[in-house]
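Quick note: numbers below take in every heavy atom, side chains included, and nothing from hydrogens, waters or symmetry partners. Quick note on labels: first sequence line is chain A, next is B, and so on, each numbered from 1.
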Amino acid sequence: MATEILMPALSPTMEEGTLAKWLKNEGDTVAAGDIIAEIETDKATMEFEAVDEGILGKILVPAGTAGVKVNTPIAVLVEEGESADDVKPASPKADAPAPAAPVSAVEEAPHPVKAADTTPDWPEGTEMKSMTVREALREAMAEEMRGDASVYLMGEEVGEYQGAYKISQGLLDEFGAKRVIDTPITEHGFAGIAVGSAFGGLRPIVEFMTFNFAMQAIDQIINSAAKTLYMSGGQMGCPIVFRGPNGAAARVAAQHSQDYAAWYAQIPGLKVVMPYSAADAKGLLKSAIRDPNPVIFLENEILYGRSFDVPVLDDFTIPFGKAKIWREGTDVTLVSFGIGMAHTLEAADKLAEQGISAEVIDLRTLRPIDYDTVLTSVMKTNRCVTVEEGWPVGSIGNHLSAVIMERAFDYLDAPVINCTGKDVPMPYAANLEKLALITSDEVVDAVKKVTYR
Amino acid sequence: MAARKGSEASNASKANISKDDLLTYYRDMLLIRRFEEKAGQLYGMGLIGGFCHLYIGQEAVVVGLEAAAEDGDKRITSYRDHGHMLACGMDPKGVMAELTGREGGLSKGKGGSMHMFSKEKHFYGGHGIVGAQVPLGAGLAFADKYNENGRVTFTYFGDGAANQGQVYETFNMAALWKLPVIFVIENNQYAMGTAQKRSTSTPDLYTRGEAFGIPGEIVDGMDVLAVKAAGEKAVAHCRAGDGPYILEVKTYRYRGHSMSDPAKYRTREEVQKMREERDAIEHVRELLLAGKHATEDELKAIDKEIKAVVNESAEFAKESPEPALSELWTDIYADDAAQA
């Protein structure tokens, strides 16, 4: 049966092209794979191959014609003894789906503010013991490794050296070299191997000596770990934890002092955790290891040695997406996470001395974020200051400000202020470093602005 | 450890190759070629969008190596992945419908040409970042070694990816930890438009593992039997616990890098010469006819059968509806947690 040959699309963006030249004439025999024409696209001159065999019965668009729309019939292919007039329209448009009615990409708007989840993290009266963040992280890993043989730890110096920051101390002795694996210094490579092993059914914990070095591996974290579940239509999940110290330590200058909270929090497919206390470090890391998704777990070197009360419970976890109210207050809402909490709690104490009652919220997880707790608080206090160590542009505070403006605008009595690290690479000099970092005094000043005092 | 040029294995294996095996290779390679031609056609009609990298010319590589694989072995590759999926038994309908971005596609239309997966067939993608699949493949092998299950992973990448740093980070760890991974370098001689000699300081990619103690050999990728023989050797090496193995498989892609590549960096004559003198499918066809394993009519019947399978996949890919709009918001998290 005679068939139409249509103007082909030969690039992702081509809508029309020029039929530069016919390489076959009417009456010529054509085999599949023969070049029959040259077509100029928006990018290049392409050779156009026949996909069926037959005889070029009739040329419908002469050589040199510009602006030929994709899918316009340009020739008719016939079989022996047929006429080009017996043509059966190829009309691919009939096969194409009808364009869907335009829909909003917004999931559902506006989100009503739900009652904040105020259930306690552990039952009242639970026995507590004092523990450093370092010990809490180690306990979390050890407990989860005891419970699930597919969990393993991989990273630089995690085994024989006992951890660059001693988080993995003792784990090699307990679990052996099969499950506590010292890697070469090769972040891109071992992050990729760990992601592949998660595709293969294991549950890796990858320790980056610091998150600064994870920039070498960020393609594997984002393109491979975070996106594969979506790209596979839900088939191929990646249960993995990337953990390590994040943010400024002390006097290690620009390349070793960066807060990645806002970077990772931007990525759909990742979960992002940034604990402050030892109890949260333990409960959240245990949740992270059990989570079927890739989790970025941002620790802080300065917090490693700080002690907090941790509940003595056999199996203690903290769910993601549930903020913690550290201190209730009525005059202003302070929102922070990670080491920012240290400055924020200090600021709240100073504010109390001045008669200002601050409510202090620790987000604990940055993806998902517990918006309800923040919004409920802002609706009560009508003022908000966010506190974080990272840079100001595109910060978590910026995002929260937008959400508060969108969902609680009428409740605000003052603009939201974002307290952040300064917009500079981290300097080495002690005085300049101090200046670059966020301080509790800056938080106090911001609160005075939003409370007009 | 020896990096060497080897083809004697191929000649030895030709003697005892069975008719059924030859017919299987013929059929599998032909399916890939006809499928890819159809994909090119659907692209021209605007039914397939974006990037579309065809495997035409390279069919013997994946078909030969699949012949060396056992059930449960894994494979992972780059964005030029349609052939790998068909060769490991993934449904042509599902592959084609993914190319057209439809609900019936293997990734429900959300992955496209470069991103498809099948847990059932142990196919781990389909990766769009050049070289990223190399550590991922070693990671799959890491999991197999951890689980002590005797499986091997075929990790495919091209001569272009062979210059990525993460490949060598992976070689080091794969050798250090003796991972059961076969690094298959599909050397089609052009990294997009850059000929190998313009991008690569030393031409022999099979020697790239020498610094890490990984044996490698060069294989004629236009000869499915040579590929299979080399694959069997590499598989035996891995299964014996001797660590990774490199196969540099010399092949050639007849089409451009992607559908929008006019391929002006090589001559028409060069392509024509490969097609006429070295075509992998023609080679098996000649073996079948010369060995009186099949008649012209029987091969014609196979051609017809394959054409029907491919046409059926194209029809399915056109008729399958576009994904429901609600699909935009699914499969972001395994537990379908609330969006951040």
Side-chain angles (χ1 to χ4, degrees), chain A residues 6 8-12 32 41 43-47 51 70-71 92 95-97 100 103 105 107 152 178 183-184 186 188-190 192-202 219-220 223-224 228-237 265 268-269 271 291-293 320-321 366-369, chain B residues 37 40-41 43-47 49-51 74 76 105-108 110-111 115-119 124-125 127-129 132 134-140 142-144 146-147 165-166 169-170 172-173 176 259-260 262 264 318-319 321-322 325 328-335 337-340:
Chain A
L6 305 177
L10 295 169
S11 88
T41 73
K43 285 184 174 170
T45 300
M46 303 283 294
E47 291 170 337
V51 284
V70 166
N71 281 327
D95 295 322
V103 287
E107 225 180 336
Y152 74 93
K178 179 182 171 181
T183 64
T186 177
H188 197 181
F190 72 70
I193 286 178
V195 171
S197 80
F199 292 158
L202 301 183
D219 173 64
Q220 291 291 359
N223 272 319
S224 301
T228 297
L229 185 74
Y230 196 80
M231 296 193 300
S232 66
Q235 275 188 78
M236 196 72 67
K271 293 189 179 181
D291 201 282
N293 300 288
F320 292 174
L366 305 175
R367 187 175 264 271
I369 285 184
Chain B
E37 286 166 356
Q41 192 183 354
Y43 192 96
M45 290 161 75
L47 286 161
F51 294 128
K74 299 181 168 74
I76 186 167
L106 284 161
S107 295
K108 301 196 285 195
K110 289 152 79 165
H115 314 111
M116 274 181 260
F117 305 81
S118 169
K119 268 211 163 150
Y124 289 83
H127 294 269
I129 305 297
V134 179
L136 295 173
L140 292 165
F142 178 96
D144 286 333
Y146 191 97
N147 291 326
Q166 60 183 318
E169 298 189 25
T170 303
N172 180 43
M173 285 179 280
L176 185 68
M259 283 302 295
S260 51
K264 298 294 184 207
K318 288 182 205 167
E319 279 160 21
E322 289 190 302
L325 296 177
L328 183 65
W329 299 104
T330 65
D331 304 322
I332 299 163
Y333 293 100
D335 47 0
Q339 300 292 309

Heavy-atom pairs under 4.5 Å with chain B, option from A:Gly196, A:Ala44, A:Ala194 with the top count = A:Gly196
Among the listed options B:Gly111, B:Gly49, B:Ala143, the residue most often paired with chain A at heavy-atom distances under 4.5 Å = B:Ala143
Side chain / backbone / both / neither for A:Gln235 at chain B, heavy atoms under 4.5 Å | both
A:Ser11 side chain vs B:Ser260 backbone, donor-acceptor pair below 3.5 Å | no
Against chain A, work out which of B:Met259, B:Lys74, B:Gln41 has the most heavy-atom pairs shorter than 4.5 Å and name it.
-> B:Gln41
B:Ile76 portion near chain A, given a 4.5 angstrom heavy-atom threshold | neither
How many angstroms lie between NZ in B:Lys264 and CD in A:Glu47, if you round to the nearest 0.5 Å?
-> 5.0 Å
For B:Tyr43 against A:Pro12, the heavy-atom pair lying closest together = OH-N, 3.1 Å
How many angstroms lie between NZ in B:Lys108 and CE in A:Met231, if you round to the nearest 0.5 Å?
-> 14.5 Å
Out of B:Pro262, B:Gly128, B:Gly139, which one racks up the most heavy-atom pairs below 4.5 Å with chain A?
-> B:Gly139
Would you say B:Asp331's side chain and A:Leu229's backbone share a donor-acceptor pair under 3.5 angstrom?
-> no
If you round to the nearest 0.5 Å, how far is CG of B:Leu176 from OG1 of A:Thr186?
-> 10.5 Å
Could you tell me whether A:Phe320 and B:Tyr333 have their ring centroids closer than 6.0 angstrom?
-> no
Specify the closest pair of heavy atoms between B:Asn147 and A:Gly200, including all atoms of both residues, with the distance to one decimal.
-> ND2-O, 4.4 Å
Interface moiety of B:Leu140 toward chain A, non-hydrogen atoms closer than 4.5 Å | both
When B:Ser118, B:Gly125, B:Pro321, B:Gly137 are compared by non-hydrogen pairs under 4.5 Å with chain A, the top option | B:Ser118
Under 3.5 Å, is there a donor-acceptor pair between the side chain of A:Gln220 and the main chain of B:Ala132?
-> yes
Kindly compute the distance separating CD1 (A:Ile193) from OG1 (B:Thr170), expressed to the nearest 0.5 Å.
-> 5.0 Å
Residue selection (most heavy-atom pairs with chain B, distance under 4.5 Å) from A:Gly321, A:Ser224, A:Gly237 | A:Ser224
Would a distance-only check, ignoring hydrogens and angles, find a side-chain to backbone donor-acceptor pair under 3.5 Å from A:Lys178 to B:Tyr146?
-> yes
Ranking A:Ala198, A:Pro184, A:Pro292, A:Gly269 by heavy-atom pairs under 4.5 Å to chain B gives rank one to A:Gly269
Validation row: A:Asn293, B:Ile332 side chains within 4.5 angstrom (heavy atoms) | no
Atom pair NE2 (B:His115) and CG (A:Asn223), whose distance is rounded to the nearest 0.5 Å = 7.5 Å
Most heavy-atom pairs under 4.5 angstrom with chain B, which of A:Phe190, A:Tyr152, A:Tyr230?
-> A:Tyr230
In terms of heavy-atom proximity below 4.5 Å to chain B, should A:Thr41 be classed as side chain, backbone, both, or neither?
-> neither
Which bit of B:Asn172 comes within less than 4.5 Å of chain A, counting heavy atoms only: side chain, backbone, both or neither?
-> side chain
